[in-house]
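Below you'll find the structure, written out as structure tokens, and then a few comments.
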Amino acid sequence: MLAKRIIPCLDVKDGRTVKGVNFVDLRDAGDPVELAWQYSRQGADELVFLDIAATQENRKTTLDLVKAVAQQINIPFTIGGGINAVKDAELLLNAGADKVSINSAAVRNPELIDELAKAFGKQFVVVAVDTRASDGQNFVYLSGGNIKTTIETENWVLEAQERGAGEILLTSMDYDGTKAGFDNVLLKKINDSLQIPLIASGGAGKQQDFVDVFQQANVDAALAASVFHYGEILIPELKETLQREGIAIRS
Amino acid sequence: MIGIINYGAGNIFSLTAALKRVGVAYGLVNELSDFELYDRFIIPGVGHAGTAIQRLHNSGFVDKIKQTKKPVLGICVGMQLLSIYSEEGDVDLLGLMPLKTLHFEKRIKEKVPHMGWNTVCIKNSHPIFKDVPDKSYFYFVHSYFLEQSDLYTVASCQYGLEFSAAIGKDNFVAVQFHPEKSGVLGESLLHNFAHWQYGEELV
């Protein structure tokens, strides 16, 4: 049976891991390769690295990081940040990344999804979407949640799927950093509308939150950062809990 | 030493990194004469099966692959290439196994691609699964699958339907999942392939 995936997310800046609470107030949580290795040993199913300050100047640092991860880690990983064109993705692919995640660039230039899917296959393309609720509607936000668009989240994920996204990574900005649980209602709605896998992100605070997101929203994967980085949730214990709840998990 | 068939079908960085981690020597097969340098081969492959078979034909390696008696491991699209036909691109493939490669879409109600860790049931024992427990998890990413076969399926996987997770025939063996991304068990499988003495288990 296909297992639900647990994905630690490592925000990186200049080759170091950082995690912001609500995307501000960054704290250094260590060496990304070391952290990645720890997570793979603990039973993480996949890893996501977000290069939160990606620029042309630090591109080489990121590529070196991707290469080091690919050399040392035996589980799949995704890299996001600073991917604006097919050539950016190609460098990451050749450095050993399994998937790339595109966010604002895809909203600004939706054709990028088609181009990446055509060049490397759907399975290589994760479209990350930051969403926030306003007046009963859900809107896509850009640039780490700073810029509101008029695009409705429900429509955008379907367009992304249509254009060739292999997976959607949905972050609820209203829940991110709150540790109050995932946005299960929205995630269920989005998950039910999609034919491609959905990764839930934003709001994980305790083990039960993962149980709830899998049982209530039936998403394919759940992503979190700080609760893992600061050891508030240990992956082996989390997986035991999920298994006890009857959720298919890789043990 | 393993020769990786280098026909331009995708990235092999992850595969070579995994071989390094398990301490297995490898090189690249870039031209026909390189086939003499190695005692076994891996056919990698990601992306579109139609594109992959076209590139393999362009490489001029097809006859050599079909004729070799050395162990060959196909991975992912490299597995699909061993089948007779793929619905992806509606193309004829190498035909080393009398099985077809079919699209998940319209055959199952589950999401496509089949992406993530799934359990693999061993149907016919094979040296590459030595010390790999039945129902172990491996990492899959694919939208097309090889049919199940009593004769050739080494291991099967369930995703809306039952398909071949691994196939074997003579010196050819192949896996749909990515051993290079499947944790320590994936590494064991690569190690096993590197040490498979084809023919010995028949004695």
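- Nearest heavy atoms, A:Ile196 versus B:Val112: CG2-O, 3.5 Å.
- In terms of heavy-atom pairs under 4.5 Å with chain B, the best-connected choice from A:Pro76, A:Ala3, A:Ala70 is A:Pro76.
- Heavy-atom pairs under 4.5 Å with chain B peak, among A:Ala248, A:Ser251, A:Gly121, A:Gly96, at A:Gly96.
- The part of A:Gln195 that comes within reach of chain B is its backbone (N, CA, C, O), which places non-hydrogen atoms under 4.5 angstrom from that chain.
- Taking both residues in full, the closest heavy atoms of B:Pro113 and A:Pro197 are given as O-CG, 4.1 Å, listed atom of the first, atom of the second, then distance.
- For A:Gln72, the part lying under 4.5 angstrom from a heavy atom of chain B is the backbone only.
- Taking 4.5 Å as the limit, some side-chain heavy atom of B:Met115 sits within range of a side-chain heavy atom of A:Lys99.
- In terms of non-hydrogen atom pairs under 4.5 Å with chain B, the most contact-rich of A:Gln123, A:Lys122, A:Arg250 is A:Arg250.
- Residue with the most contacts toward chain A among B:Ala17, B:Gly183, B:Ser14, B:Gly116: B:Gly183 (heavy-atom pairs, distance under 4.5 Å).
- Here the shortest heavy-atom pairing between B:His114 and A:Leu2 reads NE2-CD1, 3.7 Å.
- Neither the backbone nor the side chain of A:Lys4 comes within less than 4.5 Å of any heavy atom in chain B.
- Under the 3.5 Å distance criterion, the side-chain polar atoms of B:Tyr139 are left unmatched by any main-chain donor or acceptor of A:Asp45.
- Interface remark: of the candidates B:Gln158, B:Glu187, B:His48, B:Glu187 forms the most heavy-atom pairs closer than 4.5 Å to chain A.
- Contacts between A:Ala97 and chain B at a heavy-atom distance below 4.5 Å are absent for every atom of the residue.
- A:Leu198 touches chain B through backbone and side chain together, each having a heavy atom under 4.5 Å away.
- Not one N or O on the side chain of A:Asn74 forms a donor-acceptor pair closer than 3.5 Å with the backbone of B:Lys181.
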